[in-house]
Enquirer: 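Here's a structure for you.
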Amino acid sequence: MRILEPDYAADFHCLAGACPDTCCKDWEIILDEDTLARYQEIPGAFGDEVRAALTRDAEGDTMFRLTDGHCPLLREDGLCRVQLALGEEGLCNTCRQHPRFYEEYGSTRELTLSISCPAAAKLLLEHDAPVTFVSHEDGVPVSGCNELDPERYLALRRARDTAIALVQNRSLSISDRLGLLLLFAVRLQKLVDETAYGRLDALLAQFSNPERRNRALSRIRRLRQKEARFFPCWLILNNMEHLTQEFPRLLDRRASRTITHALDPAFSVQWEQLTVYFLWRYFLKASVDGKILSRVQSCVFHVVSIAALFSAQERRTPQALLPLAGLYSKEVEHSEENLHLLLRVFDRKTLPWQALLPLLG
């Protein structure tokens with residue numbers, strides 16, 4: 001298959017015992033059937049220890065139970081007993097692949113390094129140049145067919161290129177870029193709804209041509225002048241499933257502070273990289289369900305929320321942003337329930353796209 005990945009992915013290395021926020025805590029790892037069968041056959045005392053660490057949930061899935069919020073097979077030095085005893089091939093699929101997440105579109109697999117991982121977050125947020133995407137072949141045969149509308153998929157793949165280029169246009173402020181991104185998604189959604197892919201070239205040209213783009217920007221700037229209210233975003237985050245104890249405390253600190261806009265221009269590069277990260281991971285999912293506006297709104301919501309929570313911190317440096325972005329990702333991206341909640345909010349226009357604009361500044 002053809003693998004597409006961000007240009008920094010090849011530099012990723014697990015920090016292992018030196019990781020400041022191990023992935024072996026805060027969530028239960030569901031075991032795949034092949035790994036579970038192997039674990040049932042491990043001989044001796046170590047095999048007994050592994051099997052004693054397993055539990056089964058109400059849905060019948062088997063997973064490692066948490067002990068004080070950690071996997072019971074995590075040593076005090078931050079290393080995994082399973083990997084030390086059996087090697088990397090002894091890990092379950094989730095543990096072996098994390099923080100790598102793949103999406104398959106026909107003969108292409110797209111790789112994202114989740115920013116819930118400190119090493120991945122550091123690669124992204126300390127990456128000064130605009131992120132590019134590279135491809136290579138992995139020699140693996142195509143595994144099957146996706147439930148894709150081919151015409152919609154090809155149109156959205158081109159549209160994502162334009163969306164990312166728009167976000168990476170550093171001649172504009174980050175607020176202008178994200179505002180234009182939302183308006184682009186509004187017009188793209190109409191095109192998708194009407195299956196009017198013959199108009200795609202005109203739409204892409206509108207947001208690529210400086211003169212025509214500036215006319216769209218005038219409208220966005222007018223809408224941004226309304227009162228900024230982060231409370232609706234805060235309410236959504238507060239009502240989500242919480243996977244850690246720290247995130248609700250962070251929300252409580254944010255609740256006591258007013259906000260005029262979320263995106264501190266001093267961190268424009270970081271907001272750009274985060275937006276590109278979310279677009280890369282979620283934009284093309286609309287090729288299955290057609291919900292492009294809701295998915296782009298979710299991407300902007302993620303960036304605005306991270307920025308707003310960051311603004312409540314006393315210490316605001318690029319390095320201080322790393323753990324906060326990782327915590328947010330762990331809470332929101334690693335919960336299908338939370339991701340679906342956001343899509344429902346935007347699908348039903350409970351939080352319309354225009355409400356995000358004043359928060360951009």
Side-chain angles (χ1 to χ4, degrees), residues 9 12-103 109 111-123 143 240-250 281 322-341:
F12 173 77
H13 297 285
C14 176
L15 299 177
C19 184
D21 186 25
T22 176
C23 54
C24 302
K25 69 173 187 177
D26 291 334
W27 60 67
E28 295 171 319
I29 302 300
I30 297 176
L31 301 182
D32 55 281
E33 292 184 3
D34 290 344
T35 300
L36 179 58
R38 290 201 308 272
Y39 288 177
Q40 298 295 353
E41 300 298 325
I42 299 174
F46 180 67
D48 292 338
E49 182 183 3
V50 171
R51 288 184 286 275
L54 301 179
T55 187
R56 189 181 293 268
D57 67 10
E59 286 75 35
D61 293 320
T62 300
M63 60 196 69
F64 289 121
R65 57 178 170 78
L66 295 182
T67 301
D68 296 327
H70 292 76
C71 174
L73 297 174
L74 182 69
R75 300 196 327 183
E76 290 185 2
D77 60 3
L79 299 178
C80 170
R81 288 185 174 89
V82 173
Q83 183 164 354
L84 289 171
L86 305 178
E88 185 176 345
E89 62 275 12
L91 298 174
C92 68
N93 288 343
T94 300
C95 291
R96 184 168 59 252
Q97 291 186 357
H98 188 79
R100 302 168 188 87
F101 286 83
Y102 293 94
E103 293 291 339
R109 298 179 78 199
L111 166 67
T112 301
L113 293 178
S114 172
I115 57 171
S116 63
C117 167
K122 182 179 176 67
L123 283 173
S143 59
M240 284 183 173
E241 174 190 27
H242 291 155
L243 306 180
T244 70
Q245 295 179 351
E246 174 59 22
F247 197 68
R249 291 196 291 265
L250 184 63
R281 185 166 184 184
L322 297 177
L324 186 144
L327 176 62
Y328 180 93
S329 175
K330 185 184 295 186
E331 284 280 329
V332 180
E333 290 195 280
H334 287 277
S335 167
E336 287 298 323
E337 178 181 329
N338 289 340
L339 291 174
H340 290 153
L341 169 64

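Given the structure is predicted, the values throughout are model-derived calculations rather than measurements.
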Enquirer: Where do Arg65 and Thr67 come nearest, in terms of heavy atoms and distance?
Expert: NH1-OG1, 2.9 Å
Enquirer: Can Ile115 and Glu333 be said to form a side-chain contact (heavy atoms from CB on, under 4.5 Å), step by step?
Expert: CA-CA 9 Å; Ile115 57 171; Glu333 290 195 280; 4.0 Å; yes
Enquirer: Using modelled atom types only, decide if a donor and an acceptor are shared between the side chain of Asn338 and the backbone of Glu331 within a distance under 3.5 Å.
Expert: yes
Enquirer: Which is it for Thr55 and Thr62 under the side-chain contact (heavy atoms from CB on, under 4.5 Å) test, yes or no, and what are the steps along the way?
Expert: CA-CA 6 Å; Thr55 187; Thr62 300; over 6 Å; no
Enquirer: Hey, could you give me the CD/OG1 distance between Glu103 and Thr112, rounded to the nearest 0.5 Å?
Expert: 7.5 Å
Enquirer: To the nearest 0.5 Å, what is the distance between CD1 (Ile42) and CG (Leu86)?
Expert: 5.0 Å
Enquirer: Could you walk me through whether Met240 and Phe247 satisfy the side-chain contact (heavy atoms from CB on, under 4.5 Å) test, starting with their C-alpha distance in whole Å, then the side-chain angles of each, then the deciding distance to 0.1 Å, before giving a yes or no?
Expert: CA-CA 11 Å; Met240 284 183 173; Phe247 197 68; 5.9 Å; no
Enquirer: Step by step, would you call Leu54 with Leu36 a side-chain contact (heavy atoms from CB on, under 4.5 Å)?
Expert: CA-CA 9 Å; Leu54 301 179; Leu36 179 58; 3.8 Å; yes
Enquirer: Checking Arg81 side chain against Pro72 main chain: does a donor-acceptor pair fall under 3.5 Å?
Expert: yes
Enquirer: With sequence neighbours excluded, tell me which residues meet ring-ring contact (aromatic ring centres under 6.0 Å, His included) with Tyr328.
Expert: His302
Enquirer: Give the minimum heavy-atom separation between Lys330 and His334, together with the two atoms involved.
Expert: O-CB, 3.3 Å
Enquirer: Check residues 87-95 and write down every donor-acceptor pair under 3.5 Å in which the side-chain atom is one partner and the other belongs to a residue at least two apart or another chain.
Expert:
unit_1, atom_1, unit_2, atom_2, d
Asn93, OD1, Arg96, NH2, 2.5

Enquirer: Is there a side-chain contact between Ser335 and Leu341 in this structure, where contact means two heavy atoms from C-beta onward sitting under 4.5 Å apart?
Expert: no
Enquirer: What closest approach, in Å, do Ala53 and Leu73 show between heavy atoms, and which atom pair accounts for it?
Expert: CB-CG, 4.2 Å
Enquirer: Tell me the closest heavy-atom pair linking Leu113 and Ala120, and the distance in Å.
Expert: CB-CB, 3.9 Å
Enquirer: Quick one: closest heavy-atom pair of Asp48 and Arg51, and the distance?
Expert: OD1-NH2, 3.1 Å
Enquirer: So does Arg38 pair up with Glu41, basic N to acidic O under 4.0 Å?
Expert: no
Enquirer: Rounded to the nearest 0.5 Å, how far apart are CG of Leu250 and CG of Leu327?
Expert: 6.5 Å
Enquirer: Between Phe12 and Cys117, what is the shortest heavy-atom contact and its length?
Expert: CE1-SG, 3.6 Å
Enquirer: Can you measure from CD (Glu241) to CD (Glu336) and round to the nearest 0.5 angstrom?
Expert: 10.5 Å
